[in-house]
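Just below is one structure, and these are the notes that go with it.
We use all heavy atoms of the structure for the numbers below, so side chains are in, but hydrogens, waters and symmetry mates are not.
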Amino acid sequence: MDQLEKRAAIALASIFSLRMLGLFMIYPVFTFYSQQQLTGSTPVLIGLALGAYGLTQALLQIPLGFASDRFGRKHIIAGGLVILAVGSVVAALSTSIYGVILGRILQGSGAVGSTILALNADLTREDTRTKAMAMIGISIGLAFAVAMVIGPLISGWVGVPGIFWFTALLSLLGLFVLYGATPEPKAARSHRDAEAVPALFKRVLSDGELLRLDFAIFTLHTILTASFIVLPKLLHSVGGVHEDYQWVVYLPVLAVSVAAMMPAIIVAEAKRRMKPVFVGSIAALLVSQIVLTFYHGSIVELVVMMVVFFTAFNVMEAMLPSLISKVAPADAKGTALGVYSSAQFFGIFVGGAVGGWTFSVGGYSGVFAFCAVAALIWLLVAASMPKPRFARTHMVNVGRIDDAEARRLAGEIEAIEGVFEAVVVPDDGVAYIKYDGKVVGTEVFDPFAARAVASA
């Protein structure tokens, strides 16, 4: 990446992580706060408050991405950050669970994740965009880990309302990064590798393998959100760990789980054992939930199962976007990722709502039993998945060509050994290629880009 692209990637990764950090920080402490401080709290309403932002995120992120094509990326991102700040202030000032639910709904309405990715695409070249996307993805994972640690610390200092005020401040900081550090794109246009395309929804939604992966991320975040309705309470009641000091548990648990994740990812990608690692991680997650359903009476047992759970969770968080890229049609990656992300946020909402209800009727065991059933269904769905192709994606700017030349060029690229699929879109001036990186290198595609330069 050149200096402008690095600057853009760092700035946009910062904006993304600032948003998600604020949204995640209440996970470890919200159950305690709502029961002690918010009028009208019930387990069902607590779960709704925890997951409410996921519903509006799921519903609005793709439409707001479309809106950014018309009204400008930065205008939509700025509006989303302001809405996130307003929702955070509403939640901070609320003394009832209903006010916090409203605040969380507003927070989720600032659903600009897809717009940030679109701006990233505007500011990067086709051959460097994947690196910039990876930086954004890493920032989200770091935001979650940091939130688990600093959420209890901030709560102990200024209370949960202080977390909401801090989230509002992070949103305003995001505005500063947007207008003070993010480059201005020369032009905004559609990028099929980073944005949803309306004409491709039918194709993506009718693809059974993509739907299987959408179900995977939906289930994963359903289980995560439901778990956080009860995990903090168990750490307090079983281990005697005060809510303000639970970071001393989350920090080593997350550190060990990340360390344990790395060998699994290496085996999956480098050794091409993607399906066994994938199915094995679901099985590990299922085991953790079954054990916790029946045995959650000691802190040692609880921490061990948390390590198992978060290891499996981290493996899935790393593998699923990679699998989407491998499975999605060459020219529909952005659309597939948009649907996938919406499924993730809808899982957050369902996890909060159903997790709260199961806690009200079955206590701790009820929540873990629900999570175990969800994991079992997921395991059965995943067991029949075909072995994924180890496809990489590459894009080549081929310049302005007509339909006939696009078809001819696509056929020529597909004839190269190791190429699975090539789609040339004349309106984009881009060739979208899926290939086996162990058979062919990207330098083979350079002459097709050279043609674009010669014809420009």
| message | For Ser384 and Arg212, which I'm curious about, is there any donor-acceptor pair between the side chains at under 3.5 Å? | response | yes
| message | Closer than 3.5 angstrom, by distance alone: can the side chain of Asn120 be matched with the main-chain N or O of Ile116 as a donor-acceptor pair? | response | no
| query | With Thr335, which of Leu200, Leu210, Asp193, Leu205 fulfils side chain to side chain contact (heavy atoms under 4.5 Å, CB included)? | reply | Leu200
| said: Would you say the ring centers of Phe359 and Tyr364 fall short of 6.0 Å from each other? | reply: yes
| Under 4.5 Å between any side-chain heavy atoms of Ile324 and Asp214, yes or no? | yes
| field | From CG (Leu60) to CZ (Phe345), nearest 0.5 Å | value | 11.5 Å
| Residues Asp122 and Lys74 bridged, charged N to O under 4.0 Å | no
| Is it true that a side-chain atom of Glu195 and a backbone atom of Gly65 form a donor plus acceptor pair closer than 3.5 Å? | no
| task | Supply the atom-to-atom distance Glu243 CD to Thr31 OG1, rounded to the nearest 0.5 angstrom. | result | 10.5 Å
| request: Nearest 0.5 Å please: distance from the CZ atom of Phe166 over to the CD1 atom of Ile150. | output: 5.0 Å
| query | Are the side chains of Tyr340 and Pro321 in touch, meaning some heavy atoms are under 4.5 Å apart? | reply | yes
| field | Heavy-atom donor-acceptor pair, Lys275 side chain to Ala383 backbone, under 3.5 Å | value | yes
| query | Where do Phe30 and Val100 land on the side-chain contact (heavy atoms from CB on, under 4.5 Å) test, with the steps shown first? | reply | CA-CA 11 Å; Phe30 184 71; Val100 173; 3.7 Å; yes
| said: With a sphere of 6.0 Å drawn around OH of Tyr295, does it hold more than 12 non-hydrogen atoms of other residues, nucleotides or ligands? | reply: no
| query | What is the minimum heavy-atom distance between Ala181 and Arg7, and which atoms define it? | reply | O-NE, 2.8 Å
| query | Is there a donor-acceptor pair under 3.5 Å between the side chain of Ser365 and the backbone N or O of Thr293? | reply | yes
| Rounded to the nearest 0.5 Å, what separation is found between the CD1 atom of Ile348 and the CG atom of Leu224? | 7.5 Å
| Can we call the ring centroids of His221 and Phe349 under 6.0 Å apart? | no
| query | Considering residues, nucleotides and ligands other than Arg129, do more than 12 of their heavy atoms fall under 6.0 Å from its CZ? | reply | yes
| query | Counting only heavy atoms not in Phe16, do more than 12 sit closer than 6.0 Å to its CZ atom? | reply | yes
| request: Flag the pair Leu323 / Phe278 as yes when at least one side-chain heavy-atom distance between them is below 4.5 Å, and no otherwise. | output: yes
| Donor on one side chain, acceptor on other, Thr115 and Arg73, under 3.5 Å | no
| said: When you compare the side chain of Thr225 with that of Tyr27, does any pair of heavy atoms fall below 4.5 Å? | reply: yes
| Yes or no on side-chain contact (heavy atoms from CB on, under 4.5 Å) for Gln289 and Phe309, after CA distance, side-chain angles and deciding distance? | CA-CA 8 Å; Gln289 300 307 300; Phe309 170 79; 3.5 Å; yes
| message | Using a 3.5 Å distance criterion without hydrogens, assess whether the side chain of Lys434 forms a donor-acceptor pair with backbone atoms of Lys326. | response | yes
| Any side-chain donor paired with an acceptor under 3.5 Å for Ser322 and Glu269? | yes
| field | Glu301 side chain to His296 backbone, donor-acceptor under 3.5 Å | value | yes
| query | To the nearest 0.5 Å, how far apart are OG in Ser171 and CD in Gln107? | reply | 7.5 Å
| query | Where do Thr167 and Ser88 come nearest, in terms of heavy atoms and distance? | reply | CG2-OG, 3.3 Å
| request: List the steps, then state whether side-chain contact (heavy atoms from CB on, under 4.5 Å) holds for Val112 with Ile76. | output: CA-CA 7 Å; Val112 293; Ile76 296 298; 4.2 Å; yes
| request: Over all heavy atoms of both residues, which pair between Met148 and Leu254 is shortest? Give the atoms and the distance, please. | output: CB-CD1, 3.7 Å
| field | Ser288 side chain to Leu285 backbone, donor-acceptor under 3.5 Å | value | yes
| For the residue pair Leu81 and Leu175, what are the closest heavy atoms and their distance? | CD1-N, 3.7 Å
| task | Would you indicate whether the side-chain heavy atoms of Val89 and Trp165 approach each other to under 4.5 Å? | result | yes
| said: Within this structure, what is the CG-CG distance for the pair Leu117 and Leu12, rounded to the nearest 0.5 Å? | reply: 8.5 Å
| message | Under the criterion side-chain contact (heavy atoms from CB on, under 4.5 Å), I'd like the reasoning laid out for Tyr98 against Leu45: C-alpha separation, chi angles, the key distance, then a yes or no. | response | CA-CA 8 Å; Tyr98 299 101; Leu45 293 176; 3.5 Å; yes
| request: Please check if the side chain of Ser281 supplies one atom and the backbone of Phe313 the other of a donor-acceptor pair under 3.5 Å. | output: no
| Closest heavy-atom pair and its distance - Val160, Ser155 | CG2-OG, 3.9 Å
| note | With Thr222 as partner, the option from Ile217, Val350, Val354 fulfilling side chain to side chain contact (heavy atoms under 4.5 Å, CB included) is Val350
| said: Is the distance between the ring centroids of Phe164 and Tyr33 under 6.0 Å? | reply: no
| task | Side-chain contact test, heavy atoms from C-beta onward, threshold under 4.5 Å: evaluate it for Lys438 versus Phe390 and give yes or no. | result | no
| field | Side-chain donor/acceptor of Arg104 to backbone N/O of Ala91, under 3.5 Å | value | no
| query | Considering only heavy atoms from C-beta outward, does the side chain of Arg203 approach that of Asp331 to under 4.5 Å? | reply | yes
| field | Ser109 side chain to Thr56 backbone, donor-acceptor under 3.5 Å | value | no
| query | So, do Val29 and Gln246 sit near enough that their side-chain heavy atoms are less than 4.5 Å apart? | reply | no
| task | Over all heavy atoms of both residues, which pair between Ser34 and Ser41 is shortest? Give the atoms and the distance, please. | result | O-OG, 2.8 Å
